Amino acid sequence: MKTRSIVWDEKYGFCKDELQEAKRIMERGGLVAFPTETVYGLGGNGLRSEAADKIYAAKGRPSDNPLILHIADKEKLPLYVSEIPEHANKLSEAFWPGPLTMIFHKNECIPYTITGGLDTVAIRMPSHPGAVTLLKFMDFPVAAPSANISGKPSPTEASHVKEDLDGMIDMIIDGGEVGIGIESTIVDLTEEIPVILRPGSVTKEMLQAVIGDIIFDNGIIRQDSGPKAPGLKYRHYAPNAKMTVIDGERKRVVAKINELASGFSALKVGILATEETKNSYPKGHVVSIGSRKEGTLTKGLYRAIREADRLGVEQIYSEGFSKEPNSEALMNRLVKAAGHSIITL
Ligand code: TXA
Ligand code: MG
């Protein structure tokens, strides 16, 4: 299959013919990757089983890992869910459009292939203007997981999507680099007390301020039911190289990484650092995630992991950021990328 690339531009938007083409592709069950404010999504018709099958096949994703439906109008919500709890109205008022996904009991029109066999469905209303235009143009909700090969870091640029899925999907919409860089916060509203299944840039405190009581489920597999978000049981965001996070006070972290890196040949070790610390490492390939001061670490994390991998290193050491403000979601992804290999100083 030849993957067609088209461009969405902040100033000029879509070319009308190309938007029409994206619609035709999805109508007949094909796949279109598109930018959202969090990460790039791999979109298909959310009312067609065939689209779900293709998404799972292209990503190499286990089919028990459900997909998020993307919509552009709140008014469409009642078409896809069987009940809208009061919390959902408050949360959508506060955070939609934006990086928040909510889980509801599903309506019959949503195929079980989309929900991985569950009676619940995840729904999100993105704010990226390109995504909004695309979604408004469709007569169906767009099912979209992150547009990466399963287990790899989510794509934050169209080139990442190409790297993973070229030749396996119909179209890629290139909207440049995304703004947030990690996936949406997921909240399950089908429980009596809402549960955060995946942290994101909408934080627990922000949610609490709107609806009060909320629980954070860190994805630990429970004996009775397994993890609530099936995706959480799979290895995620991971580089090919081995990766370890060193967390603690900044100076000590730098010293520890230098000590660990000295055990490798310089070409075989990668270091994930920041604009503020990148010059503190004499040995190894140093990749900057972003700036602590400017708060761009989340935005650059997945790009940095991909970059370190391209250098062909055997081992990656990353600085940890639990001392930085609002670092919960960032640390969640970093520690998962490292397969939970973390040294706390
Ligand atoms: O920011 C995002 O959410 C991006 C963009 C493209 O919108 N999408 C995304 O999708 O991250 P994905 O498929 O990579 O992650 C979806 C997560 C998975 O962990 C999945 O298990 C969980 O959402 N999920 C989906 N439906 C669910 C449901 N009904 N119950 C529990 N978890 C669900
Ligand atoms: Mg994903």
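Since the structure is predicted, the reported quantities are computational estimates derived from the model, not experimental observations. For ligands, and for the atoms within them, numbers begin at 1 and follow the listed sequence.
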Out of all atoms in ligand 1, which are within 4.0 Å of some heavy atom of [X]? Include the element for each.
X      : result
His70  : 5 (C), 6 (C), 7 (O)
Gly41  : 6 (C)
Ser184 : 1 (O), 2 (C), 3 (O)
Leu118 : 28 (C), 29 (N), 30 (N)
Thr120 : 28 (C), 29 (N), 30 (N)

[X] vs [Y] side-chain heavy atoms within contact, under 4.5 Å:
X      : Y      : result
Lys59  : Ser146 : yes
Ile6   : Cys15  : no
Val161 : Ile169 : yes

*Residue pair Arg306, Glu157: steps toward the salt bridge (Lys or Arg N to Asp or Glu O under 4.0 Å) verdict*: CA-CA 11 Å; Arg306 279 181 186 261; Glu157 295 169 19; over 6 Å; no
*Give the C-alpha distance, both sets of side-chain angles, the deciding distance and a yes or no for salt bridge (Lys or Arg N to Asp or Glu O under 4.0 Å) between Glu21 and Arg24.*
CA-CA 5 Å; Glu21 174 66 13; Arg24 265 197 301 270; 3.0 Å; yes
Within 6.0 Å of [atom1] in [X], more than 12 heavy atoms from elsewhere:
X      : atom1 : answer
Glu205 : CD    : yes
Asn326 : CG    : no
Glu249 : CD    : yes
Arg252 : CZ    : no
Lys162 : NZ    : no

Option with minimal heavy-atom separation from [atom], where the choices are [options]:
atom                    : options                     : answer
atom 14 (O) of ligand 1 : Ser150, Gly43, Ser146       : Ser146
atom 24 (N) of ligand 1 : Ser154, Pro62, Pro35, Pro66 : Pro66
atom 31 (C) of ligand 1 : Thr185, Leu100, Ile103      : Ile103

_Return all protein N, O or S atoms below 2.8 Å from the Mg ion (ligand 2), chain by chain in residue order._
Ser146 OG
*Report yes or no: does a heavy atom of Arg61 sit under 4.0 Å from some atom of ligand 1?*
yes
Checking contacts here: is it the side chain or the backbone of [X] that comes within 4.0 Å of ligand 1, counting heavy atoms only? Could be both or neither.
X      : value
Thr38  : side chain
His105 : neither
Ile186 : side chain
Asp188 : neither

Evaluate [X] for polar contact with ligand 1, using N/O atom pairs at a separation under 3.5 Å.
X      : answer
Lys59  : no
Tyr40  : no
Thr36  : no
Glu183 : no

*Test Glu259 against Lys256 for salt bridge (Lys or Arg N to Asp or Glu O under 4.0 Å), laying out the working first.*
CA-CA 5 Å; Glu259 178 197 321; Lys256 184 70 183 174; 3.5 Å; yes
*Candidate pair Lys293 and Glu276, rule salt bridge (Lys or Arg N to Asp or Glu O under 4.0 Å), full reasoning*: CA-CA 8 Å; Lys293 216 166 67 208; Glu276 290 80 7; 5.4 Å; no
Show the atom names and distances, to 0.1 Å, of all donor-acceptor pairs under 3.5 Å that link a side chain in residues 171-183 to residues at least two apart or in another chain.
| from | atom 1 | to | atom 2 | distance (Å) |
| --- | --- | --- | --- | --- |
| Asp174 | OD1 | Gly176 | N | 2.9 |
| Glu183 | OE1 | Tyr302 | OH | 3.0 |
| Glu183 | OE1 | Arg333 | NE | 2.7 |
| Glu183 | OE1 | Arg333 | NH2 | 3.3 |
| Glu183 | OE2 | Ser154 | OG | 2.5 |
| Glu183 | OE2 | Tyr302 | OH | 3.0 |

_Taking the six-membered ring of Tyr112 as reference, does the cationic atom of Lys106 (NZ for Lys, CZ for Arg) lie under 6.0 Å from its centre and within 45° of its axis?_
yes
